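The sequence lines fix the lettering, A, B, ..., with proteins before strands; numbering per chain opens at 1. Reckoned from all heavy atoms, side chains included, excluding hydrogens, waters and symmetry mates. No experiment lies behind these values; they were computed from the predicted model shown.
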Amino acid sequence: MQVEERLAYFRQLAFILGALSLVIGVLLVTTLVSLSVNERLGELAVLRAIGVPRSGVLQQIMLEGFMLGVAGIVLGLGLGLVTAQWLNAILRDFPGLPADLDFFVWSPEAAWKSLAMLLIASTVAGALPAWRASQMRVAQALREEAIG
Amino acid sequence: MSVTPLLAAYDVTRRYRTGENDVHALRGVSLTINRGEFVAIVGASGSGKSTLLHLLGAVDTPDSGRVVFEGRDISTLTDADATRLRLLRVGLVFQRFYLMPTLSAVENVSLPMAEAGLGKTERRARATALLSFVGLGERTSHRPTQLSGGEQQRVAVARALANQPALLLADEPTGELDAATGAALIALLQQLNADGLTCVLVTHDAALARSARRVITMRDGRIVSDEPSAEPVA
């Protein structure tokens, strides 16, 4: 019972850290995509001017957010697995613990859930800058770009 | 028999805000442009020439007055309809070339065709032909960063021609080019015009405007003169 209580505590801690990471990740993707949009306002305005519809700009920028998410997942998964192995080795060295105890158990179900959640989160994170870019006033953006 | 103009503006006005300032960019401008004309709009910076070009190309809408293109009032179009019109009937070239940096020259030219729904084979064939026409047949797979300024502007011209527009609008197309490259680009525009394409060019350079057959001069949001070019320069 005591072990269960302690495990529940660790699960809560892991959940809080995971949720915090997700929020920071969403903010980071939003910031990166916003910066990218601001740097390319002229380019996006010209895309709109030559006949690319609002939805085309929206899709392109949301795809950028999605791709950032994919890159984050690949890097995060790799680093996470390596870090888990490393921490496992440290924790196993604690006196009195069984040598074959795993503190980080790989669960395909949890991995798929996390993957889906991260992809959705990164796409949503790109949605705000994508929406702003798609709603830009083309003539105004071109004027501002011409002024420099 | 009267000729229906390709493009006409009737008493258009346009005002916008820049920071704290209220800019009266156009103060009742009227003009007509017939098919096959090569028109240069000249004037000092802030005279309203780019704003007029935006209205003529359905990039912007006037506060009052009407713009009629191919017999259709384009000053009240929805954004989707204006976007479609620009895609299919108007070619636009800008001072800064704004090619997509991750796409090759042929992919940049193909972009408007993809939006128009053309198949991949036809897009590639037409884009390659257009790049050959503007003298870049050997550089179709190059990215913008691998091209000179003049070459990038030629790609931009090819992109503007992608959907065989009825009207080509160019806003300071030689603004970032050296004199020789600029002259080559103007020769290209003249060639397009000789082939029947209606061209409207905005420039602050009066000498450059002499390459057109008709020169419209603007000052303070108004047309102050509209006359044939004294000596169209090839």
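- Neither the backbone nor the side chain of B/L55 comes within less than 4.5 Å of any heavy atom in chain A.
- When the heavy atoms of residues 48-60 of chain A are compared with those of chain B, the residues falling under 4.5 Å are A/R48, A/A49, A/I50, A/G51, A/V52, A/P53, A/R54, listed by number.
- B/E115 touches chain A through its side chain: at least one heavy atom from C-beta onward sits under 4.5 Å away, while N, CA, C and O do not.
- Proximity to chain B at a heavy-atom threshold of 4.5 Å picks out nothing from residues 25-33 of chain A.
- Neither the backbone nor the side chain of B/N163 comes within less than 4.5 Å of any heavy atom in chain A.
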Chi angles and distances behind the side chain to side chain contact (heavy atoms under 4.5 Å, CB included) call for B/R159, A/V46: CA-CA 11 Å; B/R159 180 178 66 182; A/V46 167; 3.5 Å; yes

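- With a 4.5 Å cut-off on side-chain heavy atoms, A/R143 and B/D60 count as touching.
- Your options are B/T61, B/T83, B/L111, and the one with the most heavy-atom pairs under 4.5 Å with chain A is B/T83.
- The 12-atom threshold is not exceeded at CZ of B/R219, counting heavy atoms of other residues, nucleotides or ligands nearer than 6.0 Å.
- Atom CG of B/D178 sits in a crowded spot, with more than 12 heavy atoms from other residues, nucleotides or ligands closer than 6.0 Å.
- Residue-environment remark: CZ (B/R139) exceeds the threshold of 12 foreign heavy atoms within 6.0 Å.
- With a 4.5 Å cut-off on non-hydrogen atoms, A/L47 touches chain B through its side chain but not through its backbone.
- By number of non-hydrogen pairs under 4.5 angstrom with chain A, the leading residue of B/T51, B/V59, B/L85, B/D171 is B/V59.
- At a heavy-atom separation below 4.5 angstrom, chain B is approached by no residue within residues 114-129 of chain A.
- Within the structure, the side-chain hydrogen bond (donor to acceptor under 3.5 Å, both in side chains) test picks out the following pairs touching residues 67-89 of chain A (sequence neighbours left out): A/N88-A/D102.
- By the 6.0 Å contact criterion, CZ on A/R132 is open, its count of non-hydrogen atoms from other residues, nucleotides or ligands being 12 or less.
- Within the model, atoms CZ of B/R96 and CG of A/L142 stand 11.0 Å from one another, a figure rounded to the nearest 0.5 Å.
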